[in-house]
Amino acid sequence: MHSAVLLIEFGSIILGLGLLGRFAGRYRLSPIPLYLLAGLAFGEGGLLPLGASEEFVATGAEIGVILLLLMLGLEYTASDLVTNLKSHYPAGLVDCALNAVPGAVAALLMGWGPVAAVVLAGVTWISSSGVIAKVLGDLGRVGNRETPVILSVLVLEDLAMAVYLPIVTALVAGAGLMTGSITLAIALAAAGLVLFVAVRYGRLISRFVSSDDPEKLLLVVLGLTILVAGVAQQLQVSAAVGAFLVGIALSGEVAEGAHTLLSPLRDLFAAVFFVFFGLHTDPASIPPVLLPALALALLTALTKIATGYWAARRAGISVKGRWRAGGALVARGEFSIVIAGLAVSAGIEPSLGPLATAYVLILVVLGPLTARFTEPLAMRVFRRRDNPDRPGGPAEGTPRAKEAEASVGD
């Protein structure tokens with residue numbers, strides 16, 4: 001009887017997620033907010049709480065996080081990461097300062113303590129690579145000059161996750177300074193070793209994993225990833241970091257083949273992960289934190305726009321491209337929820353989960369809008385100020401007038 005109820009509940013969840021995904025796709029929206037809302041509807045305090053399938057959903061959610069980070073690692077080679085780190089680290093530092101600090105300050109102002117401050121800093125810092133990639137494709141901007149700048153910022157954030165996640169894992173577990181330092185040292189050593197091995201012996205690793213049979217390739221890559229993630233978690237490093245490092249170690253045709261085979265699984269279990277997070281958030285706990293979440297969302301939307309503008313300006317992109325880069329980086333999503341989920345599971349701060357849910361819901365909806373409209377709105381606002389033909393505007397032939405003409409003609 002219990003088995004039948006579990007199958008009915010879990011089947012209903014998967015069917016509902018499929019229908020929500022189709023609805024979001026029809027209107028070119030990210031399905032993430034719909035998945036979160038579905039979790040809120042069927043979780044604690046929701047319309048129809050689920051019971052029998054919760055443990056199964058929890059396991060699926062953990063696999064979802066592992067697959068999200070694995071697929072992220074498959075996007076990059078070790079040499080790509082090293083090159084981006086050397087060339088664009090100033091943009092990464094600006095990104096961290098402008099977007100992590102507001103989250104940390106907000107947590108301290110609300111009296112949540114230093115651990116919650118570190119967690120909320122990560123929630124407001126990391127942009128959603130998945131949402132941003134989809135938006136750039138929908139807007140036809142993949143070939144734009146500012147797109148490599150956007151991707152560089154995202155790569156640096158992803159690389160920072162390999163250091164940040166072990167720190168958060170140790171903090172939420174209540175580890176002391178010595179234990180936390182050892183955990184971080186293990187994570188850094190593992191990341192460095194994987195990068196070195198991937199650069200020097202990446203082809204040998206990929207040849208060992210490679211198979212012409214898609215079934216065998218899928219089983220080997222998935223099994224290896226879950227095994228490494230489990231070992232990493234046993235060492236208190238973070239299962240997500242272990243999966244990310246496996247993705248980096250694979251390259252070439254193996255990475256492409258694994259990406260194709262695992263994409264449907266990633267989408268399925270990632271959707272289950274968002275539902276699981278919503279299941280553990282009481283809808284009644286969101287209204288009290290809605291105003292702080294809205295204020296934090298608006299502030300960090302502006303800081304992300306500033307980050308993209310600065311990074312694009314540093315890369316020599318024109319004014320219009322700078323605004324487009326800034327607007328594209330606003331969306332937060334999967335990794336903000338992953339980070340908040342660590343704190344929620346450890347019971348760090350009861351209000352952190354609801355605030356993170358509201359924050360992500362706001363920015364995952366606002367992000368595609370800022371990507372589309374930041375540049376035209378900015379140009380309209382600054383056009384009168386910078387228009388050389390307006391009375392009182394910059395004199396013809398001056399550097400400011402030339403920059404205004406170049407921005408209009410871009």
Side-chain angles (χ1 to χ4, degrees), residues 32 65 68-69 72 81 84-85 88-110 112 114-133 149-172 184 187 238 240-241 244 277 292-311 325-344 348-349 352-353 355-364 366-367 370:
I32 292 175
V65 175
L68 278 170
L69 271 294
L72 189 64
L81 291 177
N84 272 282
L85 187 60
H88 302 289
Y89 73 90
L93 295 176
V94 170
D95 182 29
C96 178
L98 290 182
N99 298 286
V101 171
V105 171
L108 294 175
L109 289 176
M110 289 185 284
W112 288 358
V115 175
V118 174
V119 173
L120 193 56
V123 170
T124 59
W125 175 17
I126 305 296
S127 297
S128 171
S129 302
V131 174
I132 292 170
V149 176
I150 298 170
L151 297 179
S152 296
V153 173
L154 295 177
V155 169
L156 289 169
E157 290 181 353
D158 298 338
L159 187 58
M161 289 276 283
V163 177
Y164 173 81
L165 284 176
I167 295 175
V168 173
T169 303
L171 289 175
V172 300
L184 179 59
S238 170
V241 171
F244 180 62
F277 189 85
L294 180 60
L296 194 58
L298 294 177
L299 173 62
T300 53
L302 294 175
T303 55
K304 273 292 181 183
I305 291 173
T307 298
Y309 188 97
W310 186 89
L329 286 169
V330 167
R332 310 309 201 273
E334 58 272 26
F335 297 116
S336 296
I337 296 297
V338 169
I339 294 165
L342 293 174
V344 170
I348 295 300
E349 170 56 49
L352 200 154
L355 185 139
T357 301
Y359 177 82
V360 169
L361 283 172
I362 293 168
L363 286 184
V364 82
L366 184 63
T370 59

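Residue numbers count from 1 along this sequence.
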> When you measure from the side chain of K304 to the backbone N and O of W125, does any donor-acceptor pair fall under 3.5 Å?
Replying inline: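 Flag set: sc K304 to bb W125 pair under 3.5 Å.
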[atom1] of [X] to [atom2] of [Y]: how many Å apart, nearest 0.5 Å?
X: L329; Y: L154; atom1: CG; atom2: CG; result: 6.0 Å
X: S129; Y: L68; atom1: OG; atom2: CG; result: 10.0 Å
X: L298; Y: L294; atom1: CG; atom2: CG; result: 4.5 Å
X: W112; Y: L120; atom1: CH2; atom2: CG; result: 6.0 Å
X: L342; Y: I348; atom1: CG; atom2: CD1; result: 10.0 Å
X: S128; Y: I32; atom1: OG; atom2: CD1; result: 4.5 Å

>> side-chain contact (heavy atoms from CB on, under 4.5 Å), that's the test. Do V364 and V131 meet it? Break it down for me.
In response: CA-CA 8 Å; V364 82; V131 174; 3.9 Å; yes
> Minimum heavy-atom separation for V123 to S336, with atom names?
Replying inline: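 Smallest heavy-atom distance, with atoms named: O-OG, 2.8 Å.
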>> Give me the atom names and distance for the closest heavy-atom approach of L363 to A301.
In response: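 Taking every non-hydrogen atom into account, CD2-CB, 4.2 Å.
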> Hey, mind stepping through T300 and Y359 against side-chain contact (heavy atoms from CB on, under 4.5 Å) and telling me if it holds?
Replying inline: CA-CA 10 Å; T300 53; Y359 177 82; 2.7 Å; yes
> Given the rule in the side-chain contact (heavy atoms from CB on, under 4.5 Å) test, do R332 and I337 qualify, once you have shown the distances and angles that lead to the verdict?
Replying inline: CA-CA 9 Å; R332 310 309 201 273; I337 296 297; over 6 Å; no
>> Under a plain distance cut-off of 3.5 Å, with no hydrogens placed, do N99 and T303 share a side-chain donor-acceptor pair?
In response: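 There is such a pair between these side chains.
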> Checking side-chain contact (heavy atoms from CB on, under 4.5 Å) for the pair S127/V153: CA distance, chi angles, key distance, verdict?
Replying inline: CA-CA 9 Å; S127 297; V153 173; 6.0 Å; no
